[in-house]
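In what follows, a structure is listed as structure tokens, so that the remarks can point back to it.
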Amino acid sequence: MGSDQTNQTPYYITTPIYYVNDRPHIGHCYTTLIADVAARAQRLVGRDVFFLTGTDEHAEKVSKTALEHDKTPMEWATINAERFKDAFAFMNFSNDDFVRTTEDRHTTKATQYIQQLLDQGDIELGDYEGWYDPSQEEYLTEMVAKESNYNSPVTGKPLEKRVEQNYFFRLDKYQSWLEDQFADDTITILPGARKNEVLGRLKQGLMKVPVSRQIKEGDPDWGIKMPCDDSHRIYVWIEALCNYLTTVDNDQRTKYWEGEVTHLMAKDILWFHAIIWPAMLHAMGKQPPKTVYAHAYWIAEGTKMSKSLGNFIEIDLLAAYADKYSLDAVRWFLTTQGPLGANDADFAHARFVEVYNADLANSIGNSMSRVGNMVAKYFEGTVPATCNGEFGFPDGSSLQTALKALESVGKPADDPNRTFHFQEFITKATTDYHDALERMDLESMLDSARSIVRFVDEFISYSAPFTLAKQLDTLDDAPHALRSILYSCAEALRIASLLLYPAMPQKMTELWNAWNCEHLTDQSNPNSAFVAPLSELAQWNSTHSIKQGQSITKGDPLFMRADANEPAPVAEPTA
RNA sequence: GGCCCCGUAGCUCAGCGGUUAGAGCGCGCGACUCAUAAUCGUUUGGUCCCCGGUUCGAAUCCGGGCGGGGCUACCA
């Protein structure tokens with residue numbers, strides 16, 4: 001594995017921009033978290049990454065709610081955009097930018113795109129005819145109208161058939177082009193079940209989509225006007241989608257759009273991202289995204305989250321969990337247990353504690369503790385030697401010595417012929433890691449990191465360095481064997497920690513500080529850049545490896561074991 | 001209404017035509033003691049939703065049920 005294998009295509013990953021009227025909740029945090037983990041992993045393997053999130057602010061309701069709060073729409077949007085920024089800073093997301101759709105850089109470009117589509121005839125004036133619900137001030141689809149017998153589903157009053165003049169995007173022109181993109185995965189829709197949904201709907205045929213709204217008497221001045229026509233605003237959805245391009249549509253950043261683009265989102269807004277947006281891009285002569293990934297939802301303790309139940313898991317509750325179990329534990333749980341597939345996932349406290357103890361306290365944290373502790377105990381905290389990580393016949397003698405030690409105390413190994421090949425195992429783990437990252441399968445990505453930890457635990461049990469340590473004076477070669485064994489454990493864990501970093505940047509940086517590993521350009525800042533790509537960092541017994549004489553402090557346990565009987569954290573009531 | 005997905009061990013899921021159906025977690029037992037009562041080993045645990053069909057052979061393909069869920073273009 002050399003740096004020449006690193007994918008040099010710039011990597012651009014986006015989350016949806018979030019509706020500012022919502023309070024940041026687990027859904028926003030989850031989508032942005034998986035983007036963060038993917039972005040950090042891609043940076044780790046050496047790619048040039050741009051990670052974007054932001055807020056969608058031009059919705060009608062924003063201006064309405066602003067009024068209710070005695071604020072201008074812009075003031076209100078700013079207050080709420082700040083809440084998202086705070087929440088994301090709290091989650092330690094490494095987004096390279098945060099776009100607000102009210103910013104000039106967005107509105108200017110978005111207007112240009114619409115103008116271009118108008119000039120080309122991809123956007124044209126037409127009549128929109130539909131069932132209007134005057135009480136809700138919205139149009140209903142034919143299906144919904146029919147189901148409710150052409151009465152308002154809310155008030156029961158009759159719907160009105162209304163015709164409105166609107167600008168339409170000629171989505172219908174791009175049906176066959178879209179079909180081609182999906183047929184050979186030029187645009188990859190993930191997971192597969194979602195792709196089927198999109199294909200199924202696509203088969204029913206595409207219509208023109210309205211991309212403007214008429215400005216009504218007394219409407220607040222909010223949103224972007226149609227460039228050609230002051231009496232229309234650009235429909236907020238259409239404008240919002242443009243953020244992915246507007247933010248990087250400049251000389252410095254255009255390489256990201258021309259690189260590999262991944263859009264992440266929840267399943268409810270897949271259609272816009274898989275169909276409308278790629279078609280718009282194609283019409284503009286721009287490359288479509290490579291991957292459109294729609295994850296499912298979190299549910300809370302087995303129950304769907306809804307406004308009426310008021311059981312949304314908001315940022316405050318995540319903060320309470322972070323306070324008790326550490327932020328990285330929250331990131332780990334959400335990333336590995338989340339609804340990346342087509343099925344919803346449950347945020348259940350009992351499950352959280354189970355995963356926390358199994359993966360973090362007992363596995364990762366404990367393994368790092370026991371190795372650190374043995375180095376402290378047997379070698380006064382200084383790594384005494386290096387080793388090639390080969391154990392067992394015919395390449396190494398250290399394991400044989402360890403087995404002799406076990407034999408001499410009457411505890412011979414069941415299978416005395418086992419071999420352990422650290423470098424080979426780690427190469428396989430990092431290869432799997434890369435492959436999983438390419439598929440956005442973050443759970444198996446992190447599991448391949450954890451497989452190294454399991455390997456180390458297994459090796460410790462088998463080789464029993466603690467037994468060997470008691471015979472340093474009586475058994476020939478025992479000191480050398482013990483040094484080799486502990487070096488290999490520490491070095492393997494160092495590499496595992498690199499692979500775990502994207503999910504748990506703070507905790508892994510904590511370990512590197514305790515072990516004096518200089519992987520980051522600024523050891524005091526978990527978010528600083530790596531000094532080298534993974535292919536170099538993860539080399540066994542090489543430039544960035546643990547060295548002979550390197551001091552390792554035991555440090556505090558990274559994840560203290562949790563008591564399942566303690567009550568679940570509760571969100572602090574906040575303003 | 002239309003289209004789609006899912007139903008496999010207590011839980012989350014993998015397997016999607018071929019030997020006695022798997023993993024992780026949980027539970028039980030054994031071993032060990034460097035470590036956070038952690039770890040390692042091992043057992044238990046399954047009419048692979050039901051009925052029918054195709055096949056030498058089906059969890060896997062086909063048809064029909066039952067149950068759960070999703071999508072169905074103007075709140076975002």
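Throughout, protein chains are lettered first and strands after them, A, B, ... in sequence-line order, and every chain is numbered starting at 1. The structure presented is a predicted model; accordingly, all values stated were derived computationally and were not measured.
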Shortest non-hydrogen separation from A/Pro73 to A/Ser63 and the atoms involved: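 Looks like CG-CB, 3.9 Å.
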
Least distance between heavy atoms, A/Pro191 atom then A/Ala342 atom: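 Looking at all heavy atoms of both residues, the shortest contact is CG-N, 3.8 Å.
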
B/S/- contact track for nucleotides 38-44 of chain B, protein heavy atom under 4.0 Å: SSSS---

Between C1' of B/G26 and OH of A/Tyr356, the distance in whole Å: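 The answer, rounded to whole Å, is 19 Å.
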
Enclosure of A/Glu380 CD (heavy-atom neighbours >12, cutoff 6.0 Å):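 Open.
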
First of A/Asn373 and A/Arg194 reached from the 5' end of RNA chain B, by closest nucleotide: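 Nearest nucleotide further toward 5': that of A/Asn373.
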
Can you pull every protein N or O that's under 3.5 Å from an N or O on nucleotides 12-14 of chain B?
none

Ring-face cation of A/Arg418 near A/Tyr462 (centre distance under 6.0 Å, axis angle within 45°):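 Output yes; distance and angle both within limits.
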
Salt bridge (Lys or Arg N to Asp or Glu O under 4.0 Å) contacts in which one or both residues fall within residues 353-367 of chain A, not counting sequence neighbours: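 Found A/Arg351-A/Glu354, A/Asp359-A/Arg450.
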
G-U wobble or Watson-Crick pairing nucleotide for B/A37 (cut-off 3.5 Å, both distances):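 Checking every strand shown, B/A37 finds no partner, since no pair has both distances under 3.5 Å.
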
Among B/C4, B/U36, B/C75, the one nearest A/Asn196 by side-chain distance: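 For A/Asn196, the side-chain atoms sit closest to B/C4.
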
Nearest-neighbour nucleotide for the A/Lys267 side chain, B/U36, B/C4, B/C71 considered: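 Closest nucleotide among those given: B/C71.
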
Distance below 4.0 Å between A/Lys411 side-chain N/O and B/U33 OP1 or OP2: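 Answer yes for this pair, as a side-chain N or O of A/Lys411 is under 4.0 Å from OP1 or OP2.
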
Under 4.0 angstrom between A/Lys470 side-chain N/O and B/C34 OP1 or OP2: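 Answer is yes, contact under 4.0 Å.
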
Separation between the P atoms of B/G41 and B/C16, rounded to whole Å: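 Here B/G41 and B/C16 have their P atoms 27 Å from each other.
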
B/G1 to B/A9 separation - C1' atoms, rounded to the nearest Å: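 One C1' to the other, the span is 39 Å.
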
